[in-house]
Number of protein chains: 2
Amino acid sequence: MSDQHSPLRAKRRAETQRVIQAHAVRLFTERGYDATTVTDVAEAAGVSPMTVYRHFPTKEDLVLVDQHARLVAERIVASSAAQPLVRRIGGALIDSAAMLTGGGHGDNLTADRRFLLARLRLMISTPALRAKHLDNHYALQQAIVDALGNDAADSDAAFRAQVAASACLAALHTALVRWAEDDGRTELPDVIAKALAAAFGDDIVEPTGGVNTSEPIGRAERR
Amino acid sequence: MSDQHSPLRAKRRAETQRVIQAHAVRLFTERGYDATTVTDVAEAAGVSPMTVYRHFPTKEDLVLVDQHARLVAERIVASSAAQPLVRRIGGALIDSAAMLTGGGHGDNLTADRRFLLARLRLMISTPALRAKHLDNHYALQQAIVDALGNDAADSDAAFRAQVAASACLAALHTALVRWAEDDGRTELPDVIAKALAAAFGDDIVEPTGGVNTSEPIGRAERR
DNA sequence: CTCGTTTTGATAGTGACTACCAATATGATA
DNA sequence: TATCATATTGGTAGTCACTATCAAAACGAG
């Protein structure tokens with residue numbers, strides 16, 4: 001609606017969303033998610049509760065904004081169909097994570113990463129947020145399967161694609177939890193690669209047959 | 001509280017729970033989950049809304065009663081620690097599924113299976129239910145990791161256990177979806193075995209090295 | 001048959017969320 | 001610059017899930 005006609009309005013809109021979300025995550029972290037009402041968030045952000053609901057359809061969305069899906073799907077379709085499924089998916093997940101955590105410049109990187117960590121911690125510790133986040137992963141799974149572009153006719157291949165995608169996303173989620181527990185000190189793509197290796201074997205994630213089982217050393221620079 | 005002192009009261013209580021849940025699943029299936037209020041369920045079951053909330057803490061629990069966790073955890077601790085992680089977990093999941101779907105006798109089997117399928121379909125198609133169900137799986141994952149009994153000291157082994165458990169449960173969920181899509185015509189343990197094989201390789205699920213890749217024929221009678 | 005416990009019910013309240021409608025701000029145009 | 005279409009915001013009232021709190025009723029055990 002707005003981002004089509006006027007880029008100025010879109011920018012203003014994105015800014016208010018950012019402000020609201022920042023106050024929300026701060027309050028949720030300080031007082032707890034359930035103890036904080038949407039009205040509290042609105043007050044802190046200096047807007048009315050209606051405005052909050054207009055920008056974020058549910059209270060959970062104040063924490064769970066994910067455009068992650070598009071990123072991953074694009075990398076899936078760009079990957080070679082000759083590779084095994086888990087490698088195609090795993091590679092896309094690692095690359096997307098590298099893009100998310102390494103995208104900032106200079107000091108912004110730290111702030112962005114801290115904000116991402118704060119949201120992640122909320123997601124993990126709050127049941128309602130965790131549930132909706134896992135369901136978002138389920139939607140991402142469907143997007144991945146679609147992006148893999150298998151024949152819809154071969155239902156057996158479709159099933160294998162579903163299994164591969166769900167298992168890879170499960171590994172991703174476990175990696176995210178681990179990363180949050182480490183306060184983001186480790187490199188997220190490395191943790192994801194480690195999780196994928198633990199699930200599917202060390203040979204599946206790195207085609208260039210390295211022998212390092214526990215600690216991948218190199219940068220997560222692939223393709 | 002009640003199930004300790006008087007078995008008669010426990011039986012009455014279980015019966016009312018069963019009645020309420022049956023009406024709930026029926027109404028949810030007929031009118032849709034969101035379009036059915038808890039008051040509607042209470043009316044249909046002939047009780048007050050308060051009584052519904054006393055037996056089922058949330059509306060979602062009217063569909064999602066799972067004691068599945070205990071079953072799986074028991075089989076995990078009973079499994080041999082010498083086997084690889086995914087085999088221990090996968091075997092427990094398959095056995096528990098066999099117990100859930102094959103437990104009935106005679107005609108009861110059909111009714112129970114139909115009820116299970118109805119709940120499963122609701123779980124898959126309703127976002128709120130799907131989210132909470134996936135979160136239940138997350139709790140089950142923790143139970144599995146605990147049951148595996150790894151050293152809490154070795155954080156790397158703990159991480160591998162988390163990854164293995166989450167990936168196995170992801171495969172289980174995909175299998176459940178597939179089973180529901182087939183209207184329960186296939187054998188659930190076989191579908192789960194197939195999903196695990198698709199995720200981790202055909203050799204991991206059946207130690208007796210069969211060569212049948214696609215369709216496991218034998219009963220899921222293991223150990 | 002009575003007593004203590006369990007179960008149930010009614011009332012009032014909170015908070016997330018959704019219409020619906022009015023007011024305001026804003027960017028583009030005459 | 002003044003105006004206009006439109007985007008954005010705010011207020012009101014209402015629904016529904018869910019939670020106290022307290023009283024009434026049912027029920028098994030003595």
Side-chain angles (χ1 to χ4, degrees), chain A residues 1-21 23-25 27-28 31-65 122 126-132 135, chain B residues 1-21 23-25 27-28 31-65 122 126-132 135:
Chain A
M1 307 305 181
S2 73
D3 49 349
Q4 187 75 348
H5 296 308
S6 171
L8 298 169
R9 289 200 136 111
K11 193 175 293 183
R12 281 190 66 86
R13 190 173 175 80
E15 177 59 16
T16 45
Q17 283 189 12
R18 205 192 56 75
V19 170
I20 293 175
Q21 194 190 33
H23 282 282
V25 171
L27 288 180
F28 292 162
R31 312 181 191 170
Y33 179 79
D34 293 316
T36 308
T37 71
V38 175
T39 306
D40 292 339
V41 174
E43 236 170 76
V47 296
S48 81
M50 284 300 310
T51 301
V52 176
Y53 281 118
R54 253 186 254 282
H55 288 272
F56 301 89
T58 71
K59 186 183 178 185
E60 288 120 7
D61 287 318
L62 283 165
V63 180
L64 297 180
V65 272
L122 280 171
T126 308
L129 293 174
R130 193 177 50 218
K132 191 145 186 178
D135 194 51
Chain B
M1 307 298 183
S2 72
D3 50 349
Q4 186 76 347
H5 296 308
S6 172
L8 298 170
R9 288 203 137 112
K11 192 174 296 184
R12 281 189 68 86
R13 189 173 177 79
E15 177 60 16
T16 47
Q17 283 190 10
R18 204 191 55 77
V19 170
I20 293 175
Q21 194 190 33
H23 281 282
V25 172
L27 288 181
F28 291 161
R31 311 181 192 171
Y33 178 80
D34 293 317
T36 308
T37 71
V38 174
T39 306
D40 293 338
V41 174
E43 238 170 73
V47 296
S48 82
M50 282 302 309
T51 302
V52 176
Y53 281 117
R54 254 188 255 281
H55 288 272
F56 301 89
T58 72
K59 187 184 179 185
E60 288 121 6
D61 286 320
L62 284 166
V63 180
L64 298 179
V65 271
L122 281 171
T126 308
L129 292 174
R130 192 177 52 219
K132 191 146 184 176
D135 194 51

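Chain letters run A, B, ... following the sequence lines, proteins first and then strands; every chain starts at 1.
When distances are taken from the side chain of B:M50 to each of D:dT21, C:dA16, D:dT9, the shortest belongs to D:dT21. Which of C:dA16, D:dA17, D:dT9 sits closest to the side chain of A:T37 comes down to C:dA16. Side-chain proximity of B:Y53 to C:dA10, D:dG10, D:dA17: nearest is D:dA17.
Atom CG in A:D34 sits about 17 Å away from atom P in C:dT14, given to the nearest Å. Rounded to whole Å, atom C1' of C:dC17 lies 12 Å from atom CG of A:D61. Regarding A:F56, its CZ atom lies at a distance of 15 Å from the P atom of C:dA16, rounded to whole Å. Rounded to whole angstrom, the span from the NZ atom of A:K11 across to the P atom of C:dT26 amounts to 16 Å. Taking atom CD of residue B:E43 and atom P of nucleotide C:dT8, one finds them 17 Å apart after rounding to whole Å. In this structure, A:Q17 places its CD atom 9 Å from P of D:dT9, rounding to the nearest Å. For B:E60 and D:dC16, the CD to P distance is 17 Å, given to the nearest whole Å. Rounded to whole Å, the distance from NE2 on B:H55 to P on C:dG9 is 9 Å.
In this structure, B:R12 and B:Y33 both approach DNA chain D, and ranking their closest nucleotides by distance from the 5' end singles out B:Y33. Comparing A:R54 and A:T36 along DNA chain C, the residue whose closest nucleotide (by nearest heavy atom) sits nearer the 5' end is A:T36.
Here A:T58 lies in heavy-atom contact (under 4.0 Å) with sugar-phosphate atoms only. Here B:P49 lies out of heavy-atom contact (under 4.0 Å) with every strand.
Annotation: side chain of B:R13 is in contact with side chain of B:H55 (closest heavy-atom distance under 4.5 Å). A:R12 has its side chain out of reach of A:T16: every pair of non-hydrogen atoms, C-beta onward, lies at least 4.5 Å apart.
The cationic group of A:K59 does not satisfy the cation-pi geometry with A:Y53, failing either the under 6.0 Å distance to the six-membered ring centre or the 45° limit from the ring axis.
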Handout entry: side-chain contact (heavy atoms from CB on, under 4.5 Å) between A:F28 and A:L62, worked out
Key = CA-CA 10 Å; A:F28 292 162; A:L62 283 165; 4.1 Å; yes
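When all heavy atoms of B:L64 and B:K132 are compared, the pair lying nearest together is CD1-CB, 3.6 Å.
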